[in-house]
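What follows is a single structure, written as structure tokens, with notes after it.
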There are 2 protein chains.
Amino acid sequence: MNRHDPNFSPKIIDVARAAGVSTATVSRAITNPAMVTEATRAAVMAAIAETGYIVNHAARNLRRQQTGGIVVLVPNLSNPFFSQILSGVAAVMSEAGFNVLVADTQQPKGADLQIAQYLHNNRADGLIVLDGAIPESLFADYRRTRSRPPVVFACEWVEGFGEPSVTIDNAEGAVLAVNHLIELGHHKIGHVLGPLDNVLTIKRREGTIAALEGAGFPVDPDWFFEGDFSLASGVVAARAWLATSDRPTGVFCSSDAMACGFMAELHSHGVRVPEDVSVVGFDDIEIAQHFIPKLTTIHQPRTAIGEAAARMLLARLSGNSDDVDSVRLTVELVRRDSTGAPPIR
Amino acid sequence: MNRHDPNFSPKIIDVARAAGVSTATVSRAITNPAMVTEATRAAVMAAIAETGYIVNHAARNLRRQQTGGIVVLVPNLSNPFFSQILSGVAAVMSEAGFNVLVADTQQPKGADLQIAQYLHNNRADGLIVLDGAIPESLFADYRRTRSRPPVVFACEWVEGFGEPSVTIDNAEGAVLAVNHLIELGHHKIGHVLGPLDNVLTIKRREGTIAALEGAGFPVDPDWFFEGDFSLASGVVAARAWLATSDRPTGVFCSSDAMACGFMAELHSHGVRVPEDVSVVGFDDIEIAQHFIPKLTTIHQPRTAIGEAAARMLLARLSGNSDDVDSVRLTVELVRRDSTGAPPIR
DNA sequence: ATCGTGCCTGTAATCGATTACATACGCGTT
DNA sequence: AACGCGTATGTAATCGATTACAGGCACGAT
């Protein structure tokens with residue numbers, strides 16, 4: 001195996017020889033150009049081009065005591081909501097030269113063990129966590145060491161965990177949604193929730209109740225339907241709504257997916273949106289503006305969330321800033337066709 | 001920094017000492033249990049548990065001349081279609097102990113360079129490529145070396161590339177869709193295509209034309225609308241359809257997203273589906289069964305595609321099988337509410 | 001002329017696990 | 001008793017880049 005062998009992959013020593021310098025100089029020319037002369041740098045760069053050298057990351061990482069990658073902990077990769085955040089993360093991170101690893105936290109097979117590994121040690125230099133439901137127990141070791149990789153939460157977070165996060169104002173979003181219904185004249189307002197122990201569910205419910213009470217409207221437990229953010233659970237909620245004797249005329253769903261499932265099921269029972277009932281979603285996923293009717297919803301900037309989280313992690317990795325603070329991005333109401341005045345009864 | 005320092009992370013030598021053996025034996029006990037005595041193995045395992053040892057992957061990878069990871073080249077991460085395939089890949093790969101790296105092939109910033117790196121060298125042990133539109137030039141180096149990482153295509157592929165793939169029978173899917181419309185009595189059948197240079201577009205168009213010609217029906221170029229698989233392009237196609245004087249009564253869209261955009265736009269112009277026009281999609285994404293009307297479409301097993309691709313790559317990585325053959329998974333027609341008899345004119 | 005200072009470069013140790021090679025031991029054969 | 005063979009283990013080289021440390025050189029100050 002020499003330089004004419006098609007399998008030959010040049011090492012730093014080959015570049016050094018070609019440039020007539022030492023390996024140390026080559027290394028410096030690559031990672032810290034200011035340390036070498038203009039002339040040497042040029043010679044090294046030429047030698048690199050000539051030999052077709054590419055650094056061996058395993059060797060670099062071993063020596064530098066890092067991994068060159070960050071991992072994103074995603075609950076349910078196949079959910080488009082998360083994949084768009086992942087997209088933002090990947091854009092920023094791969095530009096910064098980091099590998100982006102993904103791990104699905106809801107994978108049945110030993111996901112916990114895998115997550116523990118990522119949290120604990122040397123598979124990744126940092127993590128971005130999109131899942132607020134990581135079991136406490138997994139963090140036990142984490143808190144104990146000081147050499148733990150930095151964590152940034154995005155979207156969801158773990159209350160009281162003490163690591164920075166990039167989130168939106170979920171309560172505010174709910175307030176916007178409910179106030180919109182109130183302004184349209186609705187008096188009886190319902191809410192389709194996500195999983196009860198989910199942080200987003202909790203905040204959005206708080207906002208919903210606050211807006212309702214602020215306007216002096218009833219908060220009827222019969223009008224709160226539990227879901228899990230999925231399309232299918234929106235369908236289930238619609239059936240519950242149909243089975244309610246005194247139905248709310250406006251319904252705020254805690255995700256667009258649930259709103260779509262909700263509307264789809266109502267439609268197949270002959271209930272019209274917005275004539276019979278108004279529906280507001282949350283997220284503004286792509287389909288929202290193309291659904292029939294076009295869905296009024298709370299827009300969250302998903303790609304921006306991912307990018308912000310990535311930049312925050314980058315800041316923490318570069319070390320000079322342990323003072324990174326949590327960021328809260330703004331949400332806004334997007335009025336479309338799924339909301340209107342309540343039916344005149 | 002000793003074993004009582006909270007930053008101390010045990011090395012293989014610490015385990016070796018704790019177990020009273022050499023590092024070589026520890027290594028063997030971990031990776032090749034059959035090579036050591038029952039008793040030694042137990043002692044090593046106990047020592048590992050006691051010390052809390054976790055292997056340093058950078059060191060292992062350096063020595064083994066591998067990276068421990070595979071990369072998935074995804075065109076547009078935020079597309080739910082791809083993220084679900086990614087999900088299947090991740091499930092299989094992380095269970096097999098591989099890191100799963102993702103890279104978006106459509107990222108503006110030097111994506112090409114990044115892809116070239118992945119193809120060329122030591123960032124990944126293998127790749128799964130979901131994008132059939134990777135520029136030929138990037139493969140130039142790849143073909144030249146024999147030490148290249150194995151590649152498996154999934155969904156899309158590069159014609160004549162000579163690496164195995166996991167695909168569906170796209171032409172067959174199109175035939176199923178068109179025949180369904182024909183059976184319902186449609187005579188004038190249109191087709192909304194993806195990007196013209198896309199392999200899926202090409203195969204699906206071939207199937208469409210074959211089915212049409214097989215039934216002795218006209219293939220009218222005015223009834224073929226170019227799109228790009230996105231919702232937005234479905235909207236554009238609908239406008240084109242509306243502007244056509246002699247409109248097809250049945251339209252087969254090459255993706256569900258386009259079908260939804262198509263139907264949404266028709267709806268806002270007062271055209272009813274399926275009364276005025278029947279629409280068939282392709283993919284069977286989650287929203288298809290909840291859209292209004294529920295979308296008749298061609299189902300593809302996305303998670304299964306990802307899993308199959310991952311297993312195929314695993315087989316190639318384990319080396320013993322350079323004889324892995326391409327796999328073609330079956331598609332099927334799912335009849336829902338967006339298709340019906342053509343209008344009586 | 002001598003010394004100090006700063007800049008650039010080279011030598012060699014280092015990161016931590018794997019594995020080629022060497023050794024030691026036990027046991028059955030001749 | 002000597003030998004061969006197989007199994008289990010240890011010793012030390014190795015993967016390839018980074019970087020601590022040690023020169024060496026030029027230039028200005030004394």
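The sequence lines fix the lettering, A, B, ..., with proteins before strands; numbering per chain opens at 1. Treat the numbers as computed from the prediction; the structure is a model and nothing was measured.
- The NE2 atom of A:His57 sits 15 Å away from the P atom of D:dG16 (whole-angstrom rounding).
- As rounded to whole Å, 18 Å separates atom P of C:dA17 from atom CG of B:Asn32.
- When all heavy atoms of B:Gly68 and B:Asp125 are compared, the closest pair comes out as N-OD2, 2.8 Å.
- Checked options B:Val89, B:Val72, B:Val100; the residue passing with A:Val102 is B:Val100 (criterion: side chain to side chain contact (heavy atoms under 4.5 Å, CB included)).
- Atom CD in B:Glu307 sits 10.5 Å away from atom CG in B:Leu329 (nearest 0.5 Å).
- With sequence neighbours left out, B:Thr25 forms a side chain to side chain donor-acceptor pair (under 3.5 Å) with B:Ser22.
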Do nucleotides 18-27 of chain D as a string where each nucleotide becomes B, S or -: B if the base has a protein heavy atom under 4.0 Å, S if just the sugar-phosphate does, - if no protein is that close. BBB-------
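- B:Asp14 and B:Thr51 share no side-chain donor-acceptor pair at under 3.5 Å.
- For the pair B:Gln65 CD and D:dG16 C1', the computed distance is 8 Å after rounding to whole Å.
- In this model, the phosphate group of D:dT9 is approached by a side-chain N or O of B:Thr37 to a distance below 4.0 Å at OP1 or OP2.
- Following rounding to the nearest Å, A:Ile13 (CD1) and D:dG16 (P) show an atom-to-atom distance of 12 Å.
- The strand DNA chain C forms stems, runs of 3 or more Watson-Crick or G-U wobble pairs with distances below 3.5 Å, at C:1-30 with D:1-30.
- When the C1' atom of C:dA17 is taken as reference, atom CG of A:Asn61 falls 15 Å away, rounded to whole Å.
- Scanning all heavy atoms of the two residues, the minimum distance from B:Ala124 to B:Thr67 falls at CA-OG1, 3.3 Å.
- Taking atom CG of B:Asn56 as the reference point, atom P of D:dC15 lies 18 Å away to the nearest angstrom.
- A close approach under 4.0 Å does not occur between any side-chain nitrogen or oxygen of A:Gln66 and OP1 or OP2 of C:dC15.
- Taking 4.0 Å as the cut-off between side-chain N and carboxylate O, A:Glu163 and A:Arg316 count as a salt-bridged pair.
- Distance CD1 (B:Ile54) to P (C:dG16): 14 Å, rounded to an integer number of Å.
- Atom P of nucleotide D:dT7 and atom CZ of B:Arg41 are separated by 15 Å, given to the nearest angstrom.
- The minimum heavy-atom distance linking A:Pro10 with A:Tyr53 is given by the pair O-CD1, 3.4 Å.
- Looking at every heavy atom in both residues, B:Ile168 comes nearest to B:Pro301 through CG2-CD, 4.3 Å.
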